[in-house]
Amino acid sequence: MTARPYVLLSAAMSVDGYLDDTSPERLLLSNAADFDRVDQVRAESDAILIGANTMRRDNPRLLVTSDERRAQRVADDKPAYPLKVTVTRTGDLAANLKFWHHGGDKLVFTIDSTVEKVRATLGDLADVVSVGPDLNWDLVLDELGRRGVKRLMVEGGGTIHTQLMAQNLADEVHLAVAPLLVGQADAPKFLGAADYPGGSTSRMRLLEARAIGDVVLLRYAPKERG
C-alpha cells in the first residue's frame with residue numbers, strides 16, 4: 001500500500017484566532033521573517049493545498065519565491081515548484097485565478113457531480129480528479145501518495161483545517177500567532193466547531209515555541225495527544 005503524505009497544517013492567525021478580517025484587502029498577520037519561514041516550508045514540501053474558498057477570496061499565486069530554494073529543489077531532482085492542489089465540491093473555479101497561471105503542475109480534487117464542470121472550465125490548466133459522490137479526505141491523501149507526494153503543506157482555509165483536524169489527519173500544525181485582535185464575528189477563523197479527537201481535555205504535544213519578531217511560532221503534533 002502506498003504511504004500517505006505527512007500532512008502539515010500552516011496558518012497565521014490573530015491572538016483571538018482569526019485568519020483575516022472582513023475588509024476587502026487581505027490582513028497581513030505575519031512579518032517579513034515569518035513569510036520567509038513559510039517560503040522555506042513550501043520549498044520543503046512536495047505539494048501545497050488550499051481550499052477553493054481561499055483561492056477565490058485571496059487569489060494567491062502560492063509559490064516558492066526564493067530563487068535559491070527553487071534551485072535547490074531542482075538540484076535535489078524535484079520540480080522547481082511543489083504541486084499545487086485544491087479541493088472543491090461546487091466546482092466554482094474561475095480559469096483566470098492566479099493559482100492556475102504561476103508555478104508548476106496543478107491538481108483539483110472534486111466530486112462526481114461537478115467533475116465535468118471543472119474540466120470544462122479549466123481545460124489543460126490542471127489535472128482534475130473525482131473522489132466519489134462526496135469529498136473524501138482519505139481518498140484525497142491516498143491519491144496524493146500514489147502521485148509521490150510525501151509531504152503535504154495545507155495553507156487553508158479554516159474549513160479545510162477544521163476537517164483535517166477533526167478527522168485526525170493532520171500530523172503537524174504550524175501556527176504563527178500575530179499580536180493583533182480582529183474581533184469580527186464574520187471573519188474567518190483558523191478552526192471552527194467540530195468533534196475533535198479526544199475532546200476538549202486532550203492536549204497536543206508541543207514541538208516548538210519560537211519568537212519571530214513580534215510573531216510567535218507554535219508547532220504542535222495533533223496525533224500525539226495525552
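Along the sequence shown, the residues carry numbers beginning at 1. Both backbone and side-chain heavy atoms feed into the values below; hydrogens, waters and symmetry mates do not.
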Please test D127 against V108 for side-chain contact (heavy atoms from CB on, under 4.5 Å), starting from the C-alpha separation and ending with a verdict. CA-CA 6 Å; D127 191 5; V108 180; over 6 Å; no
Start with the C-alpha gap between I50 and I160, add the side-chain angles, then the distance that decides, and say whether side-chain contact (heavy atoms from CB on, under 4.5 Å) holds. CA-CA 8 Å; I50 61 171; I160 302 295; over 6 Å; no
So R225 and N168, side chain to side chain donor-acceptor pair (under 3.5 Å) or not? Walk me through it. CA-CA 11 Å; R225 291 178 166 92; N168 206 30; 3.1 Å; yes
Can Y6 and D46 be said to form a side-chain contact (heavy atoms from CB on, under 4.5 Å), step by step? CA-CA 10 Å; Y6 184 91; D46 299 303; over 6 Å; no
Please evaluate residues T22 and D186 with respect to the criterion side chain to side chain donor-acceptor pair (under 3.5 Å), reporting the C-alpha separation (whole Å), side-chain torsions for both, the decisive distance (0.1 Å), and the verdict. CA-CA 7 Å; T22 57; D186 294 334; over 6 Å; no
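Counting only distance, with no hydrogens or angles, the side chain of S45 and the backbone of A47 share no donor-acceptor pair below 3.5 Å. Between the side chain of E172 and the backbone N or O of A221, no donor-acceptor pair lies under 3.5 Å. Between the side chain of N136 and the main chain of D138, a donor-acceptor pair closer than 3.5 Å is present. Of the possible donor and acceptor atoms, one in the side chain of K106 sits under 3.5 Å from a partner among the backbone N and O of G104. Distance alone, capped at 3.5 Å, is enough to place a donor-acceptor pair between the D171 side chain and the V7 backbone. A donor-acceptor pair is defined here as one N or O able to donate and one able to accept, closer than 3.5 Å; no such pair exists between the side chain of S30 and the backbone of F35. Listed for the R73 side chain is a donor-acceptor partner under 3.5 Å among the backbone atoms of P79.
Between D105 and K84 there is no salt bridge, since none of the side-chain N atoms of the basic residue sits less than 4.0 Å from a carboxylate O of the acidic one. A salt bridge links R89 and D134; the closest N-O separation between the charged side-chain nitrogens and carboxylate oxygens is under 4.0 Å. Using a cutoff of 4.0 Å between basic side-chain nitrogens and carboxylate oxygens, D92 and K117 are scored as salt-bridged. Looking at D39 and R42, no side-chain N of the basic residue comes within less than 4.0 Å of a carboxylate O on the acidic one, giving no salt bridge. With salt bridges taken as basic N to acidic carboxylate O contacts below 4.0 Å, none links D124 and R119.
Taking the side chain as every heavy atom from C-beta outward, Y220 and L207 never approach each other to under 4.5 Å. Side-chain contact check for P82 versus M153: every heavy-atom pair is 4.5 Å or farther apart. Side-chain contact check for R4 versus L144: every heavy-atom pair is 4.5 Å or farther apart. Annotation: side chain of V128 is in contact with side chain of T110 (closest heavy-atom distance under 4.5 Å).
Residue L169 is grouped with residue V149 when hydrophobic side chains (ILVMFWY) are merged at heavy-atom distances under 4.5 angstrom, including chains of intermediate members. Cluster membership check: V215 does not share its hydrophobic cluster with L28, using side-chain heavy-atom separations under 4.5 Å among Ile, Leu, Val, Met, Phe, Trp and Tyr. In the hydrophobic clustering of ILVMFWY residues, with side-chain heavy atoms under 4.5 Å counting as a link, L164 and V140 come out together. In the hydrophobic cluster analysis, where Ile, Leu, Val, Met, Phe, Trp and Tyr join through side-chain heavy atoms closer than 4.5 angstrom, V129 is grouped together with L49. In the hydrophobic clustering of ILVMFWY residues, with side-chain heavy atoms under 4.5 Å counting as a link, F99 and Y81 come out apart.
The other members of the hydrophobic cluster of V182, by chain and number, are Y18, L27, L29, L180 (side-chain heavy atoms under 4.5 Å, ILVMFWY only). Connectivity analysis of hydrophobic side chains (ILVMFWY, heavy atoms under 4.5 Å, direct or indirect) links I212 to L217.
Considering every non-hydrogen atom in both T90 and T114, the closest pair reads O-CG2, 3.4 Å. Between R151 and L8, the closest heavy-atom pair is NH2-CD1, 3.2 Å. The nearest pair of heavy atoms linking R57 to D20 is NE-OD2, 4.1 Å. Of all heavy-atom pairs between G157 and T54, the closest is N-OG1, 2.9 Å. Scanning all heavy atoms of the two residues, the minimum distance from L181 to D16 falls at CA-OD1, 3.6 Å. In this structure, M165 and Y196 approach most closely via the heavy-atom pair CB-CE2, 3.8 Å.
Note: H174 NE2 to R219 CZ = 4.5 Å, rounded to the nearest 0.5 Å. Expressed to the nearest 0.5 Å, how far CG of L97 lies from CE of M55 amounts to 6.5 Å. Between atom OG1 of residue T86 and atom CG of residue L62 there is a gap of 9.5 Å, rounded to the nearest 0.5 Å. Interatomic distance, CG of D142 versus CH2 of W137, reported as 13.0 Å (0.5 Å rounding). Going from atom CG of L9 over to atom CG of L175 covers 8.5 Å, rounded to the nearest 0.5 Å. Atom CG of L63 is separated from atom CZ of R69 by 13.5 Å, given to the nearest 0.5 angstrom.
Residues S66 and E68 bring a donor and an acceptor atom of their side chains to less than 3.5 Å of each other. No side-chain donor from either of N31 and R37 sits under 3.5 Å from a side-chain acceptor of the other. Side chains of Q72 and D76: a donor-acceptor N/O pair is present below 3.5 angstrom, by distance only. Between Q163 and H161, the side chains place no donor N or O within less than 3.5 Å of an acceptor N or O (distance only, hydrogens not considered). Of the N and O atoms on the side chains of S10 and E155, not one donor lies less than 3.5 Å from an acceptor on the other residue.
No more than 12 heavy atoms of other residues, nucleotides or ligands shown are found within 6.0 angstrom of NZ on K150. The environment of K223 atom NZ is dense: over 12 non-hydrogen atoms of other residues, nucleotides or ligands sit within 6.0 angstrom. For E25, the CD atom sits in a loose shell: 12 or fewer heavy atoms of surrounding residues, nucleotides or ligands are nearer than 6.0 Å.
Residues forming a salt bridge (charged side-chain N to carboxylate O under 4.0 Å, His left out) with D67 (at least two apart in sequence, or on another chain): R70.
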